[in-house]
Chemist: 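The structure's right below; bear with me while I get my questions together.
For clarity, every value in this text was computed on a predicted model and none was experimentally measured. Order of the sequence lines sets the chain letters (A, B, ...), proteins ahead of strands, with each chain counted from 1.
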Amino acid sequence: MKDKARKSGIPIIRDIPWGIQEALKESDNNLKTIAETVPTGIGIVGISDGKFLYVNSAYEKAFGYAHDELIGQTTPDIYWDVEDQTKILNLLKKNKNIADYNVRLKKKDGTMFWGMSSIRPITYKGNPALLGILTDITERKKAENDVMRLDRELQAIRECDHAIVHANDEKALLSDVCRILCTTAGYRLAWVGAVKYNKAKSVKPLAWKGNKKYIAKAKITWADTERGQGPTGLAVRTSKTHFFQDFATESAAAPWRDEALLLGYRSSIAIPLIADSGSVFAVLSLYSSEVNSFNPAEVRLLEELARDLSFGISTLQERAKRQQAEAEVSHLATFPAMNPMQVIEIDISGTVQYCNESTKKLFPDLEKRGIKHPYLVGLLQIVRTHSLLKSKTFTRELEVAGKYHEQLIYIVGDGQHIRVYGHDISENHQAEALLRETSNYLNNLLDYANAPIIVWDTHFRISRFNPAFERLTGYKANDVMGAQLSLLFPPDRKEESLQQIHRTLAGERWEIVEIPILRVDGEVRIVLWNSANVYDSDGKTIIATIAQGQDITERKQAEEQLKISETQYRRLFEAAKDGILILDADTGQILDVNPFLTEMLGLAYKEFIGKHLWELGYFKDIIANKANFSELQAKKYIRYEDLPLRTSDGREMKVEFVSNLYAVDHRKIIQCNIRDITKRKQAEEKLQETTQYLNNLLDYANAPIIVWDPLFHITRFNHAFENLTGISAEEAVGKKLDMLFPQDSKVESMTHIHEAMSGERWEVVEIPILRRDGAVRIVLWNSATLLGIDGKKMVATIAQGQDITERKQAEENVKKLNEELKHRAAELEVANKELEAFSYSVSHDLRAPLRTMEGFSQALMEDCSDILNDECKDYLRRIQGSAELMAQLIDDMLQLSRLTRADMLFNEVNLSEIAQTILNDLKTIQPKRIVKFDIAPGMIARGDEKLLRVALHNLLENAWKFSSKVPEAHIEFGVTDHQGKKAYFIRDNGAGFDMTYIAKIFNPFQRLHTATEFPGTGIGLASVQRIIHRHGGKVWAEGKVGKGATFYFTLNE
Amino acid sequence: LEEKIILLVEDNPNDVTLTERALKKSHILNRLVLAKDGAEALDYLFGTGNWAGRDLSNMPQLVLLDIKLPKIDGLEVLRRIRADSRTKLLPVVILTSSNEEKDLVNGYAMGANSYIRKPVNFNQFADAVRQLGLYWLVLNECPPCNVRHLDA
């Protein structure tokens, strides 16, 4: 029970009351029976492992598998197209179930069938599974297909009929039909083959659509051979439709199978096209990509199409025939009246069908006598005697009333008519008679001809030997008559010459051969033999050979010479690096062209030959120009120096074109030499340009330039030189160079120039020039020798002058000044040394007395204070004061002199910082003073730090000092612009000064205030000025009494 | 007890007088040997010329040397002092009117121990001399007098 249930695939349901179980079981059994008996395939597949859980017998049958081959097995390869499987799985994933899906499936034996499948998920024995329902719809599909195809077929036939009705041309019609069958009916290949009633029994393709190569390869015949067993061959032989339903399986398809399958042809059909006479004149063959493609309905349709087509074609053929016949008739209609030929056509009974005027004229009673006329009787007899089947045409001669007629007789196509064309050849006959009459005359001619003539018989025995031959050989005719021909040949050439004669005589024509002859005196002459066989009256048997000899010994020699010269010429011609053209002088046509020219112009040799020069398109109006041409003929020479020419690839070139006219072998030819001078022209142009440029350069150069020849004659003299000398170029050119020199330096200057030129280079020399106005200018000459092309011979000297008179003077002045300066400097140095020594003594020796004065005054004050009254003491104090002041003056003076002498060291100097330090120092000395400082930050100058410090110290100390009496002293140090230069300034709001004395303010020891007002020696500003001057700067001051002062200085920054 | 001698090399008698007065005022009572020029100074130091036979073991405690001197100038005197082993360690103070940089530099380069410019003002001068005496004769420890013993 349990096993059975499993086998049947019906789930067992437990824990259900017995009664219900029984009912269920019955229902199960019913279901099972239904499943096994329905024609629909049912299969259940487990989702987890893809194995068949259940299949019914319809399912097994559909695929051709046994029950055990499916159950428990994974789904076999059942899809025809693997992609369908994927599609179905995707659909299932998406929609959960599938209904009525049409799919191609594969049977166990590999054949395809159409199935309609529905799949849905179910639970089978508690596991998820897929239930598949399958119906075989192959037949339905096939029917659908057939209908569709028939539909297409019908459409195609409609189109074909349309084509047939409208056709004008057989071939076009067939092509149309093939095209329609492929495009509309969907055949892979369609072609119409004409049935050839020849030996090979071939089928010749007339029209096709599709792979033409296949038709050629198929080599179809309608003979009863291997390749005649296909549908086409059978169709011809049986006048019935035949087909291959499957190329793959039908044995008769073997010869074409591989090729057909390769091209996707699975089946083919051949339908005979049958003429009215019942014979098959063509076959329509179609190839389909499907097997069993042709069902009876379709075949019927195709046969109908074939009938229509046959009709269409025979209509067309009829039409063509009629047209041809009409054309023939109309042609013949115009023919006889004007044709002197006799034209007559009779049927085989002898009845005249047609007869033209000429014939009527020849046989006036032809119409009257009808078929009894002897001409017609004779004609029929002749036709009969000749086996006319073998040859349809033949000619004969006919004598009528003393006239000879040549007649062309032929049987007209159908064999029922005889047509004759005849013409009068009586004149020819007369000529022949005449010829015979002249035979004797010819014999005489032979004997007395200038040309050597010899005749020998078939045994090569000499039978005639004319006087000219006697002269050629030195033999007498009597001596050689009957002798062997070889007697005449040199012994070493006998064999060869005889063989040559044999060979040529065996041929139809004896070619002209060269055979040497040995004269009786032993000399060998080259003879050109021109011979002919003499035949018997039957025209077949050779009875003799006649040969005419031509002594070409001299010509031969000349030819040899010519050949050599020709070869030489040819080499020259071929290898020339000029283009050469040979023209016919009379016609102007090109006879020859050399390779260089073909290459130059980029044209092929063929393109030149026979053409006129102007036709080439390169040399328009050259020889074409009549004037030029007659000029060429008169002068026999023409030359164009500069002819623009365009090559076939579009390059511009310039050529030199030289034509010569001369005669060769009594024929006038023109030889044209064409040389590419593009480069030369370019070079010339360049040269001209350069020359022009140089001339301009020379003429308009600012520097005076002169050129003289090796004999020192001036050849060029430019504008600048004219200006320099006041002499014009016209005056100067051609004169001796020394005309330019002053009298007293002429010899010296020329010597100078001679010397300089003999050296390799001319160095720069100074040579004075005498101007027209008598002034002498000092000129610096810089020259070069111009050498000839050989690089050796001097052709000229070019010199450039530079007027340095002013410079010279300036130099002189500078020199003088320099010397003076040197002298001064030396003096200054001495003075400085002296000053130094002086300063030293001053510092040493001047102070000692002061010390003495001061010291002893002090001693007096100390030692004698009790005996000195106040007045005396005051005097002593005055002495002391003066001594101290004097000492101060000395120190200041020394400092000033030191500033003048000290070495300077230039550096970046931060003036702002220095000023700050100085003011800080001053503040330290007099801490009680209230002074407002304004120092611009970052004033950096270039100079000697030590000196600048002294200068700033003096200026700031002055400002400090002179502002001491103002309650709110203000000292400012900054920088401003003065005439584009940085001007530093130090400003105070102190006592100021009177601008009247501004001139004195910087003098040493100059003071504008009393020592009691403001102490000082008056050396400070002098020091400042010295320092600023030593820096290359300027110092100045502005001020007003009681309103302060401003001191400015610049540094040479 | 060895006598601490001051050798004053000075050609100007006024200066000599003023120097003596300044020393006296400062109570520097050391024996003052005067040389009126460079040659005399060298004679004293090396026991030559007028000073021939002098006991050279007794060298001055201090030499006050003027630069500008007749016959042999002060810098040359200094050079010779430093060149001779007997005198090369002597304290030499240049006492001069000059404050030329050249003199200062040369003086020190030759080995002067000090350089003092004579002020014009006597009080200042006297003060300078006082300080000088105090420093070189009292405060300063002199090198051993008889340097020859050391050399030997």
Chemist: Side chain, backbone, both or neither: which part of B:K25 has a heavy atom under 4.5 Å from chain A?
Modeler: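 Contact with chain A involves the side chain of B:K25 alone.
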Chemist: Is the NZ atom of A:K923 crowded by more than 12 outside heavy atoms at less than 6.0 Å?
Modeler: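 Open: at most 12 neighbouring heavy atoms sit under 6.0 Å from NZ of A:K923.
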Chemist: Could you tell me whether A:R878 atom CZ has more than 12 heavy atoms of other residues or ligands within 6.0 Å of it?
Modeler: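 Atom CZ in A:R878 is not packed in, count stays at 12 or less.
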Chemist: Around atom OH of A:Y875, are there more than 12 heavy atoms from other residues, nucleotides or ligands closer than 6.0 Å?
Modeler: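 For A:Y875, atom OH is not crowded (no more than 12 foreign heavy atoms under 6.0 Å).
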Chemist: Taking non-hydrogen atoms and a cut-off under 4.5 angstrom, which of residues 848-871 of chain A neighbour chain B?
Modeler: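 Heavy-atom contacts from residues 848-871 of chain A to chain B are A:A848, A:L850, A:R851, A:T852, A:E854, A:G855, A:F856, A:Q858, A:A859, A:E862, A:D863.
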Chemist: Tell me, side chain or backbone of B:N121 under 4.5 Å from chain A's heavy atoms, or both, or neither?
Modeler: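 It is both, since atoms from each part get that close.
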Chemist: Mark yes when over 12 heavy atoms from residues, nucleotides or ligands other than B:L139 sit less than 6.0 Å from its CG; otherwise mark no.
Modeler: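 More than 12 heavy atoms, drawn from other residues, nucleotides or ligands, come within 6.0 Å of this atom.
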Chemist: Verify the neighbour count for atom NZ of A:K873: are there more than 12 heavy atoms of other residues, nucleotides or ligands below 6.0 Å?
Modeler: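 Count over threshold, so yes.
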Chemist: Answer yes or no: does atom CZ of A:R824 have more than 12 heavy-atom neighbours from other residues, nucleotides or ligands under 6.0 Å?
Modeler: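 Count not over threshold, so no.
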